[in-house]
2 protein chains.
Amino acid sequence: MDTQFQKKSKPRKRNEASILSAAEDVFAELGFAGATTSLIARRAGIPKANLHYYFPTKQALYRAIINNIFTIWLQAAETFDDCDDPGEALSRYIRAKMDIARKHPLGSKIWAQEIMQGAPQIQDFLETTLKGWTLSRVKIIKRWIAEGKIASVDPAYLLYMIWATTQHYADFAHQINTLNGGQALSDKQYEEVTSNAVTIILRGIGVQVQE
Amino acid sequence: MDTQFQKKSKPRKRNEASILSAAEDVFAELGFAGATTSLIARRAGIPKANLHYYFPTKQALYRAIINNIFTIWLQAAETFDDCDDPGEALSRYIRAKMDIARKHPLGSKIWAQEIMQGAPQIQDFLETTLKGWTLSRVKIIKRWIAEGKIASVDPAYLLYMIWATTQHYADFAHQINTLNGGQALSDKQYEEVTSNAVTIILRGIGVQVQE
DNA sequence: AATAAAACTGACCATCTGGTCAAAAAATAG
DNA sequence: CTATTTTTTGACCAGATGGTCAGTTTTATT
């Protein structure tokens, strides 16, 4: 029987889920090189040999997690649509990115560490999907500039700024929490921080924004 | 004789320098947990036992590097002075940070990984020096707002945005280079990117900026 | 209940880890 | 040049690492 269409068994589903979750934790905390399969197994509550039954190598496990991160990345990417109103399109995109930073901080950290290490696992993604997406958005932003809808700024640099700001709230959450009296940002604070980012960036590129 | 005032011998100076340089490389690339003393020693061109003669433990070596990063951080911090003109003060600070991001990308990456891992080595610095510095700058920014010199934004969130944008160019240099046709940003591009950041942020908080 | 397939795991392995040490070599001081 | 201090290093250690495997237990199917 073709295993491709075989339903995943109950224990497989349960264990793969808890391994992936533990691995996300550990990879975010220690990076690929620093993470150990025995620590991941311990956090997942299973023996190491069992982990290797589901994911034969540390690399395979890491790649599975990288795949999840891509999926999330693509979801946010889709919110940047070719809209007539740059203010609406950009504010929707920034908000989507801020949302992801809050909901998936571990993925963001793993991504950051991958890039810092020279993207050994995701270089092809950068060169194909990310590059393609960026070029198409650069075109849209250029059109907005040509139509006089936003100030003349280099589109790529604008995107970098959006990425920087939004990912910062995931990657540097610990630093922000420390400055916030040791507390994570509340829902209200996070909404403020999001509005703040949207406002500064939009006003920064000359888009009127109602407060 | 008091060794504290003893001049460092020639070999000591030479070796400590090359070890620190190699260690900065490796820690930035692999994080504290992932870095190995034998790899650092190999890159420094000395046997591992010799490395441990100068830095008894991996921690001691790491702390020495963290100390260097603090020094650099403080240098940038000083450029944010209590100036009458927010535009001038902020643009000077942003430029200083961008400069550091370019000149010391490894330090920035090590800092980023420290924070992502929950700041095991620098928590006290965050709670004392960084917190104190931030509070004092928040006061200055609040005064600017009260005087109507800049728009009403949360000062802390403004600082986060500045940190995010400037550090991004160090931490995510590889991603940016990939999107830049595999080339590092040229001097000219880096100047553009810096001006772009200054412009968007200043305009974003309602400061006129001449282009 | 019988069978086949999937899941589990203790014990094991070669290699690498941070770190030590004693003895040799090089640098420095008198 | 001699004596002393500093530096260098191969060999070594106990523990951890990623990964394997054979045999047992659990689950699913009939």
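Letters A, B, ... are given to chains in the order of the sequence lines, protein chains preceding strands, and every chain is numbered from 1. These figures come from a predicted structure and were not determined experimentally.
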Contact under 4.0 Å: [X] side-chain N or O vs [N] OP1/OP2:
X	N	result
Tyr54(A)	dA6(C)	no
Arg12(A)	dA6(C)	no
Tyr53(B)	dT7(D)	yes

Applying a 4.0 Å non-hydrogen cut-off, can you work out what Ala35(B) is touching in the nucleic acid: base, sugar-phosphate, or nothing? sugar-phosphate
Among dT17(D), dA7(C), dT6(D), the nucleotide that comes nearest once only the side chain of Pro11(A) is considered: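 Nearest to the side chain of Pro11(A) among the choices is dA7(C).
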Any idea which heavy atoms bring Ala41(B) and Leu51(B) closest together, and the distance?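 Minimum heavy-atom separation between Ala41(B) and Leu51(B): N-CD1, 3.8 Å.
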Once you round it to whole Å, what is the distance between [atom2] of [N] and [atom1] of [X]?
X	N	atom1	atom2	value
Ile46(A)	dG10(C)	CD1	C1'	15 Å
Leu30(B)	dG18(C)	CG	C1'	16 Å
Phe55(A)	dA7(C)	CZ	P	12 Å
Leu51(A)	dA7(C)	CG	P	14 Å
Leu39(A)	dG18(D)	CG	C1'	14 Å
Asn50(A)	dG18(D)	CG	C1'	16 Å
Lys8(A)	dA28(D)	NZ	C1'	18 Å

Under the side chain to side chain donor-acceptor pair (under 3.5 Å) rule, what do Glu191(A) and Ser195(A) come out as? Steps first, then yes or no, please. CA-CA 6 Å; Glu191(A) 166 54 28; Ser195(A) 300; 2.9 Å; yes
Supply the atom-to-atom distance Ile110(A) CD1 to Glu24(A) CD, rounded to the nearest 0.5 angstrom. 5.0 Å
May I have all residue pairs that pass salt bridge (charged side-chain N to carboxylate O under 4.0 Å, His left out) and include part of residues 30-52 of chain A, sequence neighbours excluded? Asp25(A)-Arg43(A), Glu29(A)-Arg43(A)
Residues Asp99(B) and Lys103(B) bridged, charged N to O under 4.0 Å: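 Looking at Asp99(B) and Lys103(B), the cut-off is met.
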Please collect all side-chain hydrogen bond (donor to acceptor under 3.5 Å, both in side chains) contacts where either partner lies in residues 113-123 of chain A, sequence neighbours excluded, each pair once.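 Found Tyr62(A)-Glu114(A), Arg63(A)-Gln121(A), Gln123(A)-Glu127(A), Gln123(A)-His174(B), Gln123(A)-Thr178(B).
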Pairs involving residues 128-142 of chain A, ordered by first then second residue, that meet side-chain hydrogen bond (donor to acceptor under 3.5 Å, both in side chains) (sequence neighbours left out):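 The answer is none; no pair qualifies.
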Axial bend angle, the helix from dA1(C)-dT30(D) to dG30(C)-dC1(D): five-pair end segments, nearest 10°: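 Nearest ten degrees gives 30° for this helix.
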For Gly34(B) and for Pro47(A), find the nucleotide of DNA chain C with the closest heavy atom, then tell me which residue's nucleotide is more 5'. Pro47(A)
Tyr190(A) six-ring face occupied by Arg102(A) cation (under 6.0 Å, within 45°):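 Positive - Arg102(A) is close enough to the ring of Tyr190(A) and near enough to its axis.
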List every contact pair, protein side and nucleotides 19-22 of chain C side both N or O, where the distance is under 3.5 Å.
from, atom 1, to, atom 2, distance (Å)
dG19(C), OP2, Lys58(B), N, 2.7
dG19(C), N7, Lys48(B), NZ, 3.0
dG19(C), O6, Lys48(B), NZ, 2.7

Looking at Ala17(A), is its backbone amide N or carbonyl O close enough to the side chain of Ser21(A) to form a donor-acceptor pair, meaning the two atoms are under 3.5 Å apart?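 No: the side chain of Ser21(A) does not pair with the backbone of Ala17(A).
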Mark yes or no for whether Lys58(B), through its side chain, and Phe32(B), through its backbone, hold a donor-acceptor pair below 3.5 Å.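 Yes; judged by distance alone, with no hydrogens or angles, the pair exists.
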By a strict heavy-atom criterion of less than 4.0 Å, which residues belonging to residues 13-22 of chain A are in contact with DNA chain D? none
For the pair Asn177(B) and Gln183(B), evaluate side chain to side chain donor-acceptor pair (under 3.5 Å) and give the outcome as yes or no after the intermediate values. CA-CA 5 Å; Asn177(B) 294 353; Gln183(B) 295 288 313; over 6 Å; no
Assert yes or no for the condition that the ring centre distance of Trp73(B) to Phe125(B) is strictly below 6.0 Å.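 Yes - the distance between ring centres of Trp73(B) and Phe125(B) falls below the 6.0 Å cut-off.
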